[in-house]
Amino acid sequence: MRLKKMFLPTLKESPADAEVASHRLMVRAGMIRRVAAGVYSLLPLGLRVVRNVERIVREEMTRAGAQEVTMPFVLPAELWKESGRWEVYGKEMLRFRDRHDREFCLAPTHEEAITDMVRGEVRSYRELPVNLYQIQTKFRDEIRPRFGLMRAREFIMKDAYSFHATEESAEEEYRNMYETYSRIFERCGLEFRAVEAETGPIGGSFSHEFMVLADTGEDAVASCTGCGYAANIERAEIGGRPRGSTRVVTEPGKIEKVSTPGMKSVEEVSGFLKVRPSALIKTLIYTTESGVIAALVRGDCELNESKLKRVLGTATLVLADEETVKQATGAPVGFAGPVGLKIPVYADRGVKDITSGVTGANEADAHLVNVVPGRDFDATYADLRVVREGDPCPRCAAAFEIRRGIEVGHIFKLGTKYSEAMGATFLDEKGVERPLIMGCYGIGIGRTAAAAIEQNHDDYGIIWPAPLSPFHCHMVPVNVNDRETLEVSERLYSELVEQGCEVLYDDRDERAGVKFKDADLIGIPVRITISSRTIAQGSVEVKERSSGEVRLVRIEDVARDIRGLFDKGKN
RNA sequence: CGGGGCGUGGCGCAGUCUGGUAGCGCACCUGCUUUGGGAGCAGGGAGUCGGAGGUUCGAAUCCUCUCGCCCCGACCA
């Protein structure tokens with residue numbers, strides 16, 4: 001592609017609204033342009049990258065035995081009413097009416113659509129299993145779209161749905177998809193982790209998220225340095241005894257009330273009473289659909305609401321409002337404690353290790369000291385806190401490390417939630433009608449491209465992993481007004497194109513500096529610089545974007561040299 | 001939804017407090033010079049100041065309403 005003819009508007013300055021590298025660089029490199037909040041156009045360069053991700057995804061999905069379909073972006077309300085999600089989905093689903101006043105939505109996901117597609121057609125266990133996928137636009141009316149393609153409202157997603165006669169078959173496909181996803185992100189050249197995840201509102205029994213590791217990731221991933229167990233920080237279990245627990249040798253004294261006027265937070269109380277935060281027992285009052293409960297964690301720890309929810313088995317869990325706290329504890333917010341509480345008390349296991357703790361006294365401006373779990377209050381103990389760096393792994397007790405990640409893929413075992421609700425059944429070997437067992441597997445295509453940049457860039461611009469790069473190589477004739485330079489360049493360009501190399505050829509009459517800056521910004525892995533200076537020695541420069549390494553290559557060898565490079569990058 | 005902020009040539013911004021000829025940098029066009037890391041000089045084109053209403057002799061600037069956007073938080077694949 002000749003740059004002179006290409007629609008590639010690069011920017012010297014960064015857009016004001018771009019906070020993260022991928023967003024900033026995608027705009028500056030002329031890949032995307034914003035049309036509305038969370039809604040973007042893909043320019044030629046951006047589309048080429050997206051197509052690369054799609055290509056890898058298609059190849060691997062096909063290899064895994066899945067078949068491509070497409071389903072509509074606009075879906076009728078009836079489907080969602082059947083599954084019960086028309087009411088449940090909330091404002092994330094953009095709804096509207098057509099001219100006949102019929103209700104529709106922009107598809108935020110396609111479980112209903114695929115179940116509808118399959119239910120009429122699959123009748124027998126002989127036709128199972130089947131895995132269907134599409135690469136399609138979705139719309140989720142995010143409260144706060146941000147970070148460009150990373151968290152857009154309209155976005156491209158690969159979503160696959162599998163249907164099975166048996167649990168074993170569903171689990172086998174789950175493993176198959178796990179392997180497939182690992183291959184996909186490996187082929188994209190990304191550093192990632194497959195982590196255990198919360199299932200969220202899509203439902204289902206268990207799931208894994210695929211996280212591209214990057215410091216700017218929105219999620220935190222706890223991964224074990226010993227055995228490779230990895231989990232979303234929302235879910236990560238903590239093994240053994242927590243680090244830094246306060247085991248005190250001295251006999252605990254008698255429980256005692258002390259005055260702590262206006263001291264509510266852990267910092268205030270521990271500072272005021274001159275005790276370490278780890279000696280405090282933080283008491284949080286929550287409202288659930290089955291009543292008010294208290295949850296305890298050590299003062300230096302953070303409660304993990306997902307874990308608490310799972311232990312309680314409740315669907316809703318919200319911090320109680322002031323009024324409720326007052327009713328439950330008899331004290332204003334900030335002075336709750338487990339001693340004498342009449343509501344169920346749940347405590348993190350770390351609390352048990354506190355031999356002489358400080359808690360709220362359930363009255364204004366007072367705390368209790370020398371509080372001993374077991375002696376002064378009872379609680380149901382469980383793993384309830386958020387994992388921290390260095391905590392022990394539940395499998396092998398080695399230390400966890402916490403890293404940031406960008407969720408690019410998610411696989412779920414769905415079970416029969418949708419097939420039952422929507423009557424998608426088949427006849428088994430015995431002629432018994434049973435609901436189809438489903439799995440669902442998503443990859444954010446645009447987000448994967450963004451994550452690749454987030455993970456691979458420097459101060460000058462993008463550094464594409466070769467498999468995602470919009471071009472194989474970038475040719476820069478330093479001065480197109482120099483006859484010899486132009487001749488060599490044109491010849492090289494034809495030669496490279498001839499052998500199937502995708503070349504971005506900067507044939508513009510610009511100064512060298514301008515072209516170099518653009519080349520660094522766009523981030524194609526290999527740059528070929530042609531100038532009279534090296535032509536005099538019969539060669540051109542080949543520069544690697546990632547390392548900055550420059551080699552002189554004889555003109556007649558360039559085509560072969562570059563071919564070697566991009567064959568190696570192919571996979 | 002709560003809190004904070006912003007809408008001024010394509011992009012980044014100043015001007016608004018204190019009303020009086022719409023400005024700067026980048027980008028763009030023309031010419032000359034320059035040509036290995038975002039060139040120099042000269043000339044030029046381009047803006048209903050987000051929109052509507054009001055106050056005023058006069059509004060980018062003051063008032064009212066409205067639309068859009070951004071940031072922090074709650075929420076989320």
Side-chain angles (χ1 to χ4, degrees), chain A residues 9-20 23-24 27-28 30 33-39 89-93 107-111 138-159 195 197-204 207-211 217-219 232 234 305-306 316-319 405-412 440-448 451 459-461 476-482 485-486 506 508-521 527-535 540-541 543 548 550:
Chain A
T10 57
L11 261 35
K12 238 187 245 190
E13 290 171 281
S14 287
D17 56 351
E19 306 170 80
V20 298
H23 184 192
R24 199 170 56 236
V27 173
R28 283 194 55 209
R33 287 292 183 267
R34 198 186 70 92
V35 175
V39 178
Y89 219 103
K91 290 196 188 151
E92 256 194 29
M93 185 152 75
T109 177
H110 282 84
E111 282 84 7
K138 307 249 185 276
F139 193 93
R140 294 186 192 167
D141 200 356
E142 288 275 344
I143 297 170
R144 191 143 95 80
R146 55 187 138 175
F147 306 147
L149 292 197
M150 195 94 97
R151 203 178 174 70
R153 292 194 295 171
E154 185 184 296
F155 58 101
I156 304 169
M157 185 166 166
K158 188 284 306 183
D159 49 328
V195 310
E198 288 296 322
T199 46
I202 292 184
S207 84
H208 281 86
E209 287 168 343
F210 287 76
M211 300 276 203
E218 287 192 89
D219 292 291
N232 191 306
E234 289 279 289
E305 294 189 358
S306 307
T316 52
L317 179 75
V318 280
L319 266 177
I406 299 160
E407 182 191 344
V408 289
H410 205 156
I411 58 180
F412 297 86
C440 125
Y441 320 93
I443 290 179
I445 301 288
R447 187 182 273 190
T448 300
D459 291 346
Y460 302 103
V476 180
V478 157
N479 180 0
V480 292
N481 297 316
D482 178 71
T485 301
L486 192 63
D506 195 346
R508 294 174 302 172
D509 183 10
E510 284 287 353
R511 302 171 63 83
V514 173
K515 297 187 183 188
F516 291 151
K517 290 288 181 192
D518 271 344
D520 288 344
L521 176 62
R527 187 183 90 192
I528 306 171
T529 311
I530 302 99
S531 79
S532 51
R533 211 152 82 185
T534 56
I535 290 175
V540 298
E541 279 174 24
K543 181 176 180 182
V550 179

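Reckoned from all heavy atoms, side chains included, excluding hydrogens, waters and symmetry mates. What you are looking at is a predicted structure, and each value in this text was computed from that prediction instead of being measured. Proteins come first, then strands; the chains are lettered A, B, ... in the order of their sequence lines, and each starts at number 1.
The distance between atom CD of E218(A) and atom C1' of C75(B), rounded to the nearest whole Å, is 12 Å. Between K517(A) atom NZ and G36(B) atom C1' there is a gap of 12 Å when expressed in whole angstrom units. Distance, D520(A) CG to G37(B) P: 12 Å, rounded to whole Å. The CG atom of D141(A) sits 15 Å away from the P atom of C76(B) (whole-angstrom rounding). To the nearest angstrom, P of C71(B) lies 13 Å from CZ of R24(A). Between N479(A) atom CG and U33(B) atom C1' there is a gap of 14 Å when expressed in whole angstrom units.
When the P atom is used for both U56(B) and G23(B), the distance is 28 Å, rounded to whole Å.
At a cut-off of 3.5 angstrom, the base of G10(B) holds no donor-acceptor pair with the side chain of E13(A). In this model, a side-chain donor or acceptor of K543(A) finds a partner on the base of G37(B) within 3.5 Å.
Under 4.0 Å is where a charged nitrogen must lie from a carboxylate oxygen, and between E154(A) and K138(A) no such pair does.
Residue K12(A) places at least one side-chain N or O closer than 4.0 Å to OP1 or OP2 of A27(B). Contact annotation: R533(A) does not reach the phosphate of G36(B) (side-chain N/O to OP1 or OP2, under 4.0 Å).
Between H208(A) and F210(A), the ring center distance fails the sub-6.0 Å criterion.
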